[in-house]
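Structure first, commentary second.
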2 protein chains.
Amino acid sequence: MKPRRNTWQREAVRAALVGAHGFVSAQQLHQTLRDSGSTIGLATVYRALASLTEDGEADSIQAPEGENLFMSCGSTGHHHHLICRSCGAARELDATVVEEWASKVGAEHGFAEIEHVIDLFGICAACRAKEA
Amino acid sequence: MKPRRNTWQREAVRAALVGAHGFVSAQQLHQTLRDSGSTIGLATVYRALASLTEDGEADSIQAPEGENLFMSCGSTGHHHHLICRSCGAARELDATVVEEWASKVGAEHGFAEIEHVIDLFGICAACRAKEA
DNA sequence: GGCTAGAATGAGACTCATTCTCATTTAGAA
DNA sequence: TTCTAAATGAGAATGAGTCTCATTCTAGCC
């Protein structure tokens, strides 16, 4: 882990990320912070998110639309998510089955350095209740 | 399937996609076409790829860098890929195991309209041989 | 507490994929 | 052939994300 200075900006991003409860985009996070009176710059939000992700304090995924989404994340190990398309809420998943499938399939086809992108998107119970 | 006119541009994109043997970006495809003397416009390449994808003649995935990649694809049903990070070559995968896992997990958490993004990336045997 | 090196920041310019606009062209039915 | 809506191409517009650089601020040192 690289040396990091503690700045209020970095702390603000961390706090906003925790407060978001689910996946949010860097842009959303920046807007939220500005709306609450912060003068933080967009580039700084990106920088803070990148370093938090690097340090394992945050997880990032690619939304189907191509945007990068971030979420504060306790469990440090590799894991996957089930994300609500509507509100961004996420559940961590135990994907042992799939991990095994991935490495087996990779090996079978003679591929090395297998990485996998596995994410589930849906509409959570709460959001469905809201819409009805 | 929407009505489509047959234009030489649409046909050119289809042909270039088939000729590519693997996943390619819209930009690459456009460049290839221009290089071979075509006057096709970039927007048209995007439009053609979008409609081919819609009609099930092509598959698209998001590269880890965020770019959209396309590949001509015979089998029409839903399926997944194992893609070579180096040359773009792809294998279609039978992902029954994972499909089942995805819907089971979704249901368990009370999520509806589950979609999943499952892609494997690696380095194929041919590319590893080349590098060595 | 003050000093200083260099890390972090903010504004805005920039990149790059993708989409949009709109005038022009063209496929295909009549 | 004629006609009309669909398709095209050029380039402007968009939007996420990165980069630059002058300025500010953290943290170790006195």
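Worth knowing before you read on, the calculation uses all heavy atoms, side chains too, and leaves out hydrogens, waters and symmetry mates. The chains referred to below are lettered A, B, ... by the order of the sequence lines, with proteins before strands, and numbering in each begins at 1. Quantities reported herein were computed from a predicted structural model and do not represent experimental measurements.
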| task | Measure the distance from CG on B:Leu42 to P on C:dT21 and round it to the nearest whole Å. | result | 17 Å

Per-pair distances, 0.1 Å, donor-acceptor, side chain in residues 36-43 of chain A, under 3.5 Å, sequence neighbours excluded:
| residue | atom | partner | partner atom | Å |
| --- | --- | --- | --- | --- |
| A:Ser36 | OG | A:Thr32 | O | 3.3 |
| A:Ser36 | OG | A:Leu33 | O | 3.0 |
| A:Ser38 | OG | A:Ile40 | N | 3.1 |

| message | Can you confirm whether or not the ring centre of B:Phe23 sits under 6.0 Å from the ring centre of B:His81? | response | yes

| Is the base of D:dG17 touched by the side chain of A:Arg47 through a donor-acceptor pair closer than 3.5 angstrom? | no

| message | Please report the distance, rounded to the nearest Å, between CD in A:Gln62 and C1' in D:dA16. | response | 12 Å

Please output the side-chain donor-acceptor pairs of residues 101-113 of chain B that fall under 3.5 Å, not counting sequence neighbours, one pair per line with the distance.
| residue | atom | partner | partner atom | Å |
| --- | --- | --- | --- | --- |
| B:Ser103 | OG | B:Glu99 | O | 3.2 |
| B:Ser103 | OG | B:Glu100 | O | 3.3 |
| B:His109 | ND1 | B:Val105 | O | 3.1 |

| field | Contact state string [nucleotides 22-30 of chain D, B base, S sugar-phosphate only, - no protein heavy atom under 4.0 Å] | value | ----BS---

| query | What integer distance in Å separates B:Glu67:CD from D:dA16:P? | reply | 18 Å

| message | If the cut-off is 4.0 Å, is A:Asn68 near the phosphate of D:dA16, judged by side-chain N/O to OP1 or OP2? | response | no

| said: Test of understanding: with side-chain hydrogen bond (donor to acceptor under 3.5 Å, both in side chains), list the residues that count as partners of B:Asp94, not counting sequence neighbours. | reply: B:Thr96

| remark: Applying salt bridge (charged side-chain N to carboxylate O under 4.0 Å, His left out) to B:Arg5 and not counting sequence neighbours gives none

| task | Could you note down all residue pairs passing ring pair (Phe, Tyr, Trp, His ring centres under 6.0 Å) where residues 112-132 of chain B supplies at least one of them, sequence neighbours left out? | result | B:His78-B:His116, B:His80-B:His116

| Can you tell me how far C1' of D:dA6 sits from CZ of B:Arg10, to the nearest Å? | 12 Å

| task | With sequence neighbours excluded, tell me which residues meet salt bridge (charged side-chain N to carboxylate O under 4.0 Å, His left out) with A:Glu57. | result | A:Arg14

| field | Those residues that, when tested against A:Glu115, pass salt bridge (charged side-chain N to carboxylate O under 4.0 Å, His left out) (two or more places apart) | value | B:Arg85

| request: Ignoring backbone atoms, establish whether A:Tyr46 has a side-chain N or O less than 4.0 Å from OP1 or OP2 of D:dG17. | output: yes

| said: Heavy atoms within less than 4.0 Å of DNA chain C: which residues of residues 17-40 of chain B have one? Give them sorted by number. | reply: B:Gln27

